[in-house]
S.K.: 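Handing you this structure, nothing more for now.
Along the sequence shown, the residues carry numbers beginning at 1. Indexing begins at 1, ligand by ligand and atom by atom, following the structure's order.
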Amino acid sequence: MDKNLLIIADSVNHFFGRGSLRRQILFDITCRVEEGEIVIMTGPSGSGKTTLLTLMGGLRALQEGSLKINGCEMQGAGRARLRAVRKDIGYVFQAHNLLYSLTARENVEMSIALHPEFAGKKGRKRAEAMLESVGMKTRMSHYPNQLSGGQRQRVAIARALVANPRIILADEPTAALDKKAGRDVVDIMHNLAKKQGCSILMVTHDNRILNIADRIINMEDGRLCSFTQAVTDQLQALLHIRQDDELLRRISQLSTDDFLRLLDETTKTHLQFLQAVQLVDTFTSGAMLDTLIEAFTLKIGQISEAERVTLFLLDGATGELWSKVAQTEGGERLEIRIPRNAGIVGHVVETGECLNIPDAYTHPLFNREVDEKTGYRTRNILCLPIRDTGGIAIGAVQLLNRKGSQAFSGDDEREGVNFAASMGVILESWLKTAAHDGKAVSR
Ligand SMILES: Nc1ncnc2c1ncn2[C@@H]1O[C@H](COP(=O)(O)OP(=O)(O)OP(=O)(O)O)[C@@H](O)[C@H]1O
Ligand SMILES: [Mg+2]
């Protein structure tokens, strides 16, 4: 098992009902939750969130697919395995499921009873410390019906966390609470979880707490859509409204309820959008993308067994092709600049056609100047165009001298075409961020 993944769901399907009433509720659910990660799941009522959560918690038998919780496969799991898995999970549900005949302290203690390492006095001390950390020090001997909703929810959190679970599954833990109490409860969970290093998967409709999430996932009609898909869909829906000239009029005519719902939706969309931007910022910041481009380019050279690989980009301002990545013998930086119509690379960029040349010196387009300058002897060449997502050639990748006696093969060409397609997307995003950062790149 990958050590850092506490939840691994692969192609999970789930059905309710029998015979003609049998209905599929979850469709092909695949997701991962890493150690220490806080994942929030949103989605409309009835979309299958609770069903998925109870499957992950070992509270419902897995029917189809694979679900590994803390390294344990739930498919075909018997009682013993389920019990072992549950020991490492803390549950916080909306109906907090406290036992009303027990005090707050006893409710929390009950949850450690499963763990022999916290037996006796030690367990009681731990339960008290946990209740104290959720702000319930003075109410430990109260029974649940002597507590407010928020206080009961805090006891439920203390109970979920007291035995150091690796995973917390929370189903709308703030639903019954007012704004302030809801925020408090989530803050407590967040802080304790970060302190204990456990993962949280939390279902919530509460937009105000989305910002504690490392990641937000969306359930729609039993299908999990990826975070970026959800953001794109929601932004598109929003843009659709924006294109409508009647936006102002339509909003002014909304009922208060509908307006508040729209406000909520919009807040959620923008929070997710901000998260996406943050993600992109992290990803494209500094030298990260540069390094990635270089590493990928060198790797394709390695896979094709080329002695050298060069990645050329078109500079729109000067009309030249310049080497963004150029592999050399000693590893020193080499910058090559050639006119955009010249030579093999120029031809490939101009025509968008791939060239596989077994003998460079006999090819009419081959230019010996670079060899003369660098002292390198080119034998054979594979050169492929790189296109952006709009299909326009923005550069080329050139592989020189396949190792051994053969020139580049059809397989090398196919690998190269795949690489060039991916590189097109990455380079386009690099060009955009570079332009954004005011780097000296033009097209
Ligand atoms: N035990 C059951 N038997 C039959 N159908 C069920 C059962 N439990 C849930 N369902 C159905 O499965 C679907 C998903 O229910 P689930 O409780 O997972 O939704 P949810 O996303 O948690 O909704 P909510 O946000 O309202 O809590 C619903 O259509 C529900 O009616
Ligand atoms: Mg539910």
Side-chain angles (χ1 to χ4, degrees), residues 7 9-31 33 38-67 69 74-75 77 82 85-86 89-98 149 152-153 156-157 160 167-179 181-182 185-186 189 199-210 212-213 215-227 229-230 233-234 257-258 260-265 267-269 271-272:
I7 299 179
D10 275 310
S11 307
V12 170
N13 293 316
H14 198 82
F15 303 82
F16 280 126
R18 282 164 194 274
S20 62
L21 292 178
R22 184 171 147 100
R23 208 155 59 86
Q24 187 162 2
I25 301 297
L26 296 179
F27 298 80
D28 199 23
I29 302 286
T30 294
C31 73
V33 177
I38 299 185
V39 178
I40 283 186
M41 177 158 52
T42 60
S45 177
S47 57
K49 304 178 300 293
T50 299
T51 307
L52 181 60
L53 219 61
T54 49
L55 283 170
M56 288 174 166
L59 303 171
R60 197 185 279 290
L62 183 66
Q63 297 169 346
E64 281 184 21
S66 159
L67 186 55
I69 304 296
M74 308 297 273
Q75 183 58 261
L82 285 179
V85 168
R86 287 185 203 136
I89 301 178
Y91 305 88
V92 187
F93 289 135
Q94 177 188 350
H96 30 68
N97 302 327
L98 296 180
R152 278 179 225 155
Q153 202 60 296
I157 290 174
I167 302 168
I168 295 178
L169 298 175
D171 198 355
E172 304 199 37
T174 64
L177 308 178
D178 68 30
K179 188 174 157 189
V185 157
V186 166
M189 257 169 71
S199 311
I200 299 182
L201 179 59
M202 173 158 59
V203 171
T204 185
H205 286 124
D206 190 346
N207 292 339
R208 291 166 307 225
I209 59 178
L210 293 181
I212 69 154
R215 195 150 57 89
I216 302 169
I217 55 179
N218 242 322
M219 182 76 89
E220 292 268 354
D221 295 332
R223 291 183 168 85
L224 266 191
C225 46
S226 81
F227 171 58
Q229 190 58 51
D233 288 352
Q234 290 187 38
D257 272 359
D258 284 346
L260 290 178
R261 210 168 299 130
L262 177 69
L263 201 61
D264 246 24
E265 274 302 309
T267 316
K268 193 161 105 185
T269 304
L271 263 171
Q272 294 198 336

S.K.: Treating R86 as the side-chain partner and G58 as the backbone partner, does any N or O pair qualify as donor plus acceptor under 3.5 Å?
M.R.: yes
S.K.: Does any N/O atom on G48 come nearer than 3.5 Å to any N/O atom on ligand 1?
M.R.: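 Between G48 and ligand 1 (N or O atoms, distance only) the closest approach is under 3.5 Å.
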S.K.: Nearest to atom 22 (O) of ligand 1, what protein heavy atom do you find, and at what distance?
M.R.: T50 OG1, 2.7 Å
S.K.: Counting backbone and side chain alike, does T50 bring an N/O/S atom below 2.8 Å of the Mg ion (ligand 2)?
M.R.: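 Given the 2.8 Å cut-off, T50 counts as a ligand of the Mg ion (ligand 2).
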S.K.: Return yes if a side-chain donor-acceptor contact under 3.5 Å exists between D221 and S47, otherwise no.
M.R.: no
S.K.: Determine whether any heavy atom of G43 lies closer than 4.0 Å to an atom of ligand 1.
M.R.: no
S.K.: List ligand 1 atoms under 4.0 Å from H205, heavy atoms only on the residue side.
M.R.: 25 (O)
S.K.: Quick one: does any side-chain atom of K49 pair with a main-chain N or O of T42 as donor and acceptor, under 3.5 Å?
M.R.: no
S.K.: Using 30° and 60° as the class boundaries, would you call the ring planes of F16 and H14 parallel, tilted or perpendicular?
M.R.: perpendicular
S.K.: What is the closest protein heavy atom to atom 16 (P) of ligand 1, and at what distance does it sit?
M.R.: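 Its nearest protein heavy-atom neighbour is T51 OG1, 3.6 Å.
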S.K.: Evaluate the side-chain proximity of L26 to N13: yes if any heavy-atom separation is below 4.5 Å, no if none is.
M.R.: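 Side chain of N13 against side chain of L26, heavy atoms only: no contact under 4.5 Å found.
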S.K.: Identify, for atom 9 (C) of ligand 1, the protein heavy atom at the shortest distance, and state residue, atom and that distance.
M.R.: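 For atom 9 (C) of ligand 1, the nearest protein heavy atom is F16 CE1, 3.4 Å.
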S.K.: When you measure from the side chain of E172 to the backbone of F93, do you find a donor-acceptor pair of N or O atoms at a distance under 3.5 Å?
M.R.: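 No; zero donor-acceptor contacts below 3.5 Å.
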S.K.: Return the option from R23, M219, Q24, K49 holding the heavy atom at the smallest distance from atom 21 (O) of ligand 1.
M.R.: K49
S.K.: Among all the protein's non-hydrogen atoms, which is closest to atom 23 (O) of ligand 1, and how far away is it?
M.R.: G46 N, 2.7 Å
S.K.: Does G17 come within less than 4.0 Å of ligand 1, judged by its heavy atoms?
M.R.: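 No, G17 has no heavy atoms under 4.0 Å from ligand 1.
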S.K.: Taking only heavy atoms of E172 into account, list the atoms of ligand 1 that are under 4.0 Å away from them.
M.R.: 25 (O), 27 (O)
S.K.: Any nitrogen or oxygen of R60, main chain or side chain, under 3.5 Å from a nitrogen or oxygen of ligand 1?
M.R.: no
S.K.: Would the distance check show the side chain of T54 and the main-chain N or O of R60 forming a donor-acceptor pair, the cut-off being under 3.5 Å?
M.R.: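 Side chain of T54 to backbone of R60, a donor-acceptor pair under 3.5 Å: no, none is there.
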S.K.: What's the shortest distance from atom 26 (O) of ligand 1 to any protein heavy atom, and which residue and atom give it?
M.R.: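 Checking every protein heavy atom, the shortest distance to atom 26 (O) of ligand 1 gives S45 OG, 2.5 Å.
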S.K.: Going by the side-chain contact (heavy atoms from CB on, under 4.5 Å) test, name the single residue among L55, I167, L82, L169 that passes it with I69.
M.R.: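 Output: one option passes, namely I167.
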S.K.: Have a look at ligand 1 and work out which part of I25, if any, has a heavy atom under 4.0 Å from it: side chain, backbone, both or neither.
M.R.: side chain
S.K.: Please report the closest heavy-atom contact between A170 and L53, naming both atoms and the distance.
M.R.: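 The pair with the smallest heavy-atom distance is O-CD2, 3.5 Å.
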S.K.: Check whether any protein heavy atom sits under 4.0 Å from atom 14 (C) of ligand 1.
M.R.: yes
S.K.: Would a 4.5 Å heavy-atom cut-off, applied to side chains only, mark H205 and T174 as touching?
M.R.: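 The answer is no, as the side chains (C-beta and beyond) never meet within the 4.5 Å cut-off.
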